[in-house]
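A note on names: the letters A, B, ... follow the listed sequences, proteins ahead of strands, and every chain is numbered from 1.
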Amino acid sequence: MASVEVTDQIDKLRSDFPIFADIRASRPFYYLDSAASSQHPAVVIDAMDRYYRHSHANVHRGVYGLAEEATGIYENARKHLGRFIGANDPSHEIVFTKNATEALNLVAQGLGRVLLTSESHVLLTEMEHHANLVPWMILQEQLGFTIEYLPFDAEGLLVLDDLDAMLERASILGVTLMSNVLGTLNPVAMLSERAHQHDVLVVADGAQFVPHFATDVSELGVDCLAITAHKMLAPTGIGALWARAEILDRMQPFLGGGEMISDVRLDGFTANEIPHKFEAGTPPIAEAAGWDAALGYLEKVGMATISAHDRSLTNYAMIQLQERLDDRITIFGPPDVTKRGGVISFELADVHPHDVAQVLDQHGVCVRAGHHCAKPLMRQLGVGATARASFYLYNDEQDVDALVDALLDAYRLFHD
Amino acid sequence: MASVEVTDQIDKLRSDFPIFADIRASRPFYYLDSAASSQHPAVVIDAMDRYYRHSHANVHRGVYGLAEEATGIYENARKHLGRFIGANDPSHEIVFTKNATEALNLVAQGLGRVLLTSESHVLLTEMEHHANLVPWMILQEQLGFTIEYLPFDAEGLLVLDDLDAMLERASILGVTLMSNVLGTLNPVAMLSERAHQHDVLVVADGAQFVPHFATDVSELGVDCLAITAHKMLAPTGIGALWARAEILDRMQPFLGGGEMISDVRLDGFTANEIPHKFEAGTPPIAEAAGWDAALGYLEKVGMATISAHDRSLTNYAMIQLQERLDDRITIFGPPDVTKRGGVISFELADVHPHDVAQVLDQHGVCVRAGHHCAKPLMRQLGVGATARASFYLYNDEQDVDALVDALLDAYRLFHD
Amino acid sequence: MNDLDDLYREIILDHYKNPRNQGVLEGPTVHAQEGFNPLCGDEVTIYAQVEDDVVVDIKITGQGCSISRSSASLMSQAVKGKSIDEVKATVSRFKRMIAVEESEGEPEEVDLRVIGELAALQGVVKFPVRIKCATLPWNTLMIALEDAQAR
Amino acid sequence: MNDLDDLYREIILDHYKNPRNQGVLEGPTVHAQEGFNPLCGDEVTIYAQVEDDVVVDIKITGQGCSISRSSASLMSQAVKGKSIDEVKATVSRFKRMIAVEESEGEPEEVDLRVIGELAALQGVVKFPVRIKCATLPWNTLMIALEDAQAR
Ligand SMILES: Cc1ncc(COP(=O)(O)O)c(C=O)c1O
Ligand SMILES: Cc1ncc(COP(=O)(O)O)c(C=O)c1O
């Protein structure tokens, strides 16, 4: 059976991640919060270490060998990421940012200011993360357009009944490939096709999807894609925007400063070529080296293996949670595991998620509790917060069992 | 003599920096480009390593112990940096950004949009780095105010004859504490006092100054200060804006997303408290840990020791360059070493700086050649580019001697 | 799990399950104030009826965890009928007990007789993240009272 | 220092010190184009006089390093009097020689007789940062010619 082989491989992989050995030596440790941020294999930590010990210099500006080496490391990471998501022109279509949030702000300001007027409509969904909501709201305050929202149903799936009418009014569609709360995998290839029929550009939030599924931007058909490194085994401090070269060409510069100019006079500036036009100041160089290594690691394991492992673990968890907690637990999002990624948000009876997470922590089980930066979605669900467990390639059924045990304990604490 | 003791201490310090041992084992290596980016002591690399191996989790959102630990590491770095520059309220007055450039864009957009109208004047200097020019030009395109410039004289010192008249028209004064090309130390305490007499807010660019001189924002009297980590022994991917709490309170949010909100509804959002209001998305956590360690290292050595060492080396270099290269070299900036930091920009006869740097590289001497992200300054000097050598605590007289030897060789190559 | 028992004392769970002074107040002397904990989504609205500088009534609505809700409930009991000055003294005593300025030093020893039932919240000191849950209703009340005094 | 000698061949230094075709052209058939190397501040302006699809004259102004200036000078010699199509072929041969698509593979073997003196610039291949210096005048010329053809 495929999933057994996958699980065997995963068992071996965990030893690549120093944090598990280090923390487990002293206390129980079940890390179920990779949707917030993932852990790091030694190859990633070592790549940054090596960079700082052997190759550090500022990039793009130096003639000397070390600066050339650093530039090479940085630009290779760009190309690697481009290839990883199937970009047509890897060296020109990836803009490095500090995180996915900056990437989405860059699209809103860079593309939005070119496309939108006070008459325009931007179409978002009610399940977006704040990172794909607030940048549009800030721009809306500046330009005064209308924002509309695609709703979702009781299973956490987008309701597309009015899609064409909404697209007809819209200039931009912003949609997450995967909800960080519901786990929902949105039908983005189809949405892109429909959007393009109405000349609507598609801005996809790939923060949750790209770390877990093989990603091909041409298959998805999107125009822009925001990515963040720290959810895919890579360092903090770096993210990226991918966009088709002709979109990047049309976009206005966003952050001003060194690197992003081709000329500066006292009376104005001329922007540099893409992608440099959007990278102002010293970029995250060591972080790019680390991300490069993480991509290599993910490729070695295989994205298909990772998705399959996520799915089988999600399936196991859904069953265990329902069997052992029964009507004391409410799981949000699609019941069908083929429609969701490895993220499970839930409520434990009347125990507040904050209290759930607190009790779980005493068992060494790390889950997130809160609004998960998706307050409109929370209001839609009618809750103030949920607890959320999320899986990645280093998790296994023991993590799930520890979760369920701890939840039973939390329930008892509040019901005795 | 103080400078001998200082030099003794410095000799020992170099062994704290792995890159010198590692590269020097295989080739000559004279790193004279710290103004572009500095190298890293082992304690900094180790701090990040330890973070990734033991303490990584996303910050601010987690109830569990690991997330609390990561949050503590991140917030402690904030407080440490605040204390390092003499902030009144370290935990509220430091905003972490990706670099100094983002910090200056944040001020331009956050403060500029609140203060400026099409009638306003912003006063900058002709020696600003692009990072303190282009953000204002981008905002100018959006709001349509006037930008004026303080000129500098043949010695690279600001000409302040019209200062009061210019301040009378202005709302904001943007000025670098130290020029990255000329080395000029600007009289910012005096400028702030004069600016405040005219109700002008002062935005200081501390990218070059803070790494080399003890910094106290109250003594400087500035209202905002941009800082970058990678020029002060710390990682890439992080910088900061300091501003007085009441200034930050007045500023508009800039990047939108998670963390920076207190509420989000489908029809708008409410911003979080300072400093979180300006930190959208997952911040550079490991980088903050590294910066914290770098600050500790700098404090241990002592900023006064570092400034004294920089100055004595600059002095030695000015003398050597002039004595051994004579009229074949033109040095830009103040001849008086007490008026400049450890940065020397020069021209070698008619040899183009690019060619100078290329030949120097063959000798293992790393200097920068180009416009140093200060094209208006270059035009003012009447050159397209300069070569630049810059010093930090790990440099010594051998580095200077190697520089001069290599320059003599470059001259010969182009004059035989 | 000693710390946890300390956090979830019986009195906390009681006030969480049976919160006192729930509801809404209306009228010209009522000052309503919303508060959010941006980290977790807790929301609280405090209705303080202030007459002659005395908090004659207080009601609370909102959603939140055991700590924020019990803290609100205990607070409502502690401040009802007190003068604004007395309330401020109570708030400050409470904040010192749970060491809101965590970084600045150890939590202060507070006379537990004076603070009464509020002492049950002392266990939160060991859980820095939860301190914000405990203080949310108190900070919200303070804004409402400032508003009352400003008018 | 072998690579360095390869970079700074005599012919390069000669064209750097005595650049050919310096100056400005004016007139209705002149297409002027500015180019910048954002990395180092090199600037070049190319004046191409195009008549009947032939580059009848070319002049150059600007500032730059030995590589960009000698490349401009060598280019001006190589294209003067040639038809636009011939110029395009030369540009593409030149770019293949110095492997502008560095990452995509090894520099191509180019017939050095066809390329003539331009071969002197081959040494730049070993200095990736300098390739931009060498290509700046060529890219600028191409824009000027596109402009000429568009009119
Ligand atoms: C004076 C000055 N300001 C701003 C910057 C920009 O710093 P960063 O590239 O880290 O944003 C630099 C460094 O390049 C600088 O020298
Ligand atoms: C769906 C989604 N979008 C965007 C983000 C923002 O990512 P980052 O915090 O790295 O900017 C996240 C993660 O928090 C996310 O889950």
Give, as side chain, backbone, both or neither, the part of A/R50 having an atom under 4.5 angstrom from any heavy atom of chain B.
-> neither

By a 4.5 Å heavy-atom criterion (distance strictly below it), what part of A/F20 contacts chain B: side chain, backbone, both, or neither?
-> neither

Contacting region of A/M48 [heavy-atom separation from chain B under 4.5 Å] | side chain

A/I261 to B/V134 - nearest heavy-atom pair and separation = CG2-CG2, 3.9 Å

Shortest non-hydrogen contact from A/R379 toward B/V264 = NH1-O, 3.0 Å

Once you round to the nearest 0.5 Å, how far does CD1 of B/I238 lie from OG1 of A/T282?
-> 13.5 Å

Give a yes or no on whether the backbone of B/A286 and the side-chain of A/T236 come within a donor-acceptor separation of less than 3.5 Å.
-> yes

By a 4.5 Å heavy-atom criterion (distance strictly below it), what part of A/V367 contacts chain B: side chain, backbone, both, or neither?
-> backbone

Between A/Q39 and B/Y52 the two heavy atoms that sit nearest each other are OE1-O, 4.5 Å

A/E128 portion near chain B, given a 4.5 angstrom heavy-atom threshold | neither

A/F96 and B/K98: which non-hydrogen atoms are nearest, and at how many Å?
-> O-NZ, 4.4 Å

Which one of A/L266, A/I138, A/D361 has the most heavy-atom pairs closer than 4.5 Å to chain B?
-> A/L266

A/L133, part contacting chain B, at a heavy-atom distance under 4.5 Å = side chain

Measure distances from A/V356 to the heavy atoms of chain B and classify the residue's part below 4.5 Å as side chain, backbone, both or neither.
-> neither

First locate atom CG of A/L255, then atom CG of B/N105, and finally report the distance between them rounded to the nearest 0.5 Å.
-> 4.5 Å

Of all of A/A131, A/C373, A/P376, A/P253, which one pairs up most often with chain B through heavy atoms under 4.5 Å apart?
-> A/P376

Nearest 0.5 Å, what's the NE2-CD1 distance between A/H56 and B/I19?
-> 7.5 Å

Check each atom of B/Q140 against the heavy atoms of chain A and say whether the ones under 4.5 Å are side chain, backbone, both or neither.
-> neither

Region of A/I23 in contact with chain B, defined by heavy-atom distances below 4.5 Å | side chain

For chain B, which of A/H129, A/E141, A/R113 has the most heavy-atom pairs under 4.5 Å?
-> A/R113

Residue among A/F269, A/F17, A/W136, A/F29 with most heavy-atom pairs under 4.5 Å to chain B | A/F269

If you tally heavy-atom pairs under 4.5 Å against chain B, which of A/G65, A/A21, A/G370 wins?
-> A/G65

State plainly whether the residues B/R53 and A/D46 are in salt-bridge range, i.e. N to O under 4.0 Å.
-> yes

The interface call for A/N58 against chain B, heavy-atom contacts under 4.5 Å, is both

Heavy atoms only, distances under 4.5 angstrom: which of B/R265, B/K231, B/M260 has the most pairs with chain A? Name it, please.
-> B/R265

Checking side chain to side chain donor-acceptor pair (under 3.5 Å) against B/Y64, which of A/Q358, A/Q362, A/R368 comes through?
-> A/R368

Return the minimal non-hydrogen interatomic distance between B/G256 and A/P135, and the atom names on each side.
-> O-CG, 3.4 Å

Given A/A42, A/S38, A/A369, the one with more heavy-atom pairs under 4.5 angstrom with chain B than any other is A/S38

Let me know if A/S55 has heavy atoms under 4.5 Å from chain B in its side chain, its backbone, both or neither.
-> backbone

Contact part of A/Y31 toward chain B, heavy-atom cut-off under 4.5 Å: side chain, backbone, both or neither?
-> side chain

A/S37 (side chain) donor-acceptor with B/A57 (main chain) under 3.5 angstrom | no

Checking heavy atoms, do the side chain of A/P283, its backbone, both or neither come under 4.5 Å from chain B?
-> backbone

Based on non-hydrogen pairs under 4.5 Å, which of B/E259, B/H354, B/H371, B/H372 is most in contact with chain A?
-> B/H354

Minimum heavy-atom distance between A/D49 and B/I45, given as atom pair plus value | OD2-CG2, 3.6 Å

Name the region of A/H40, side chain, backbone, both or neither, that has any atom closer than 4.5 Å to a heavy atom of chain B.
-> side chain

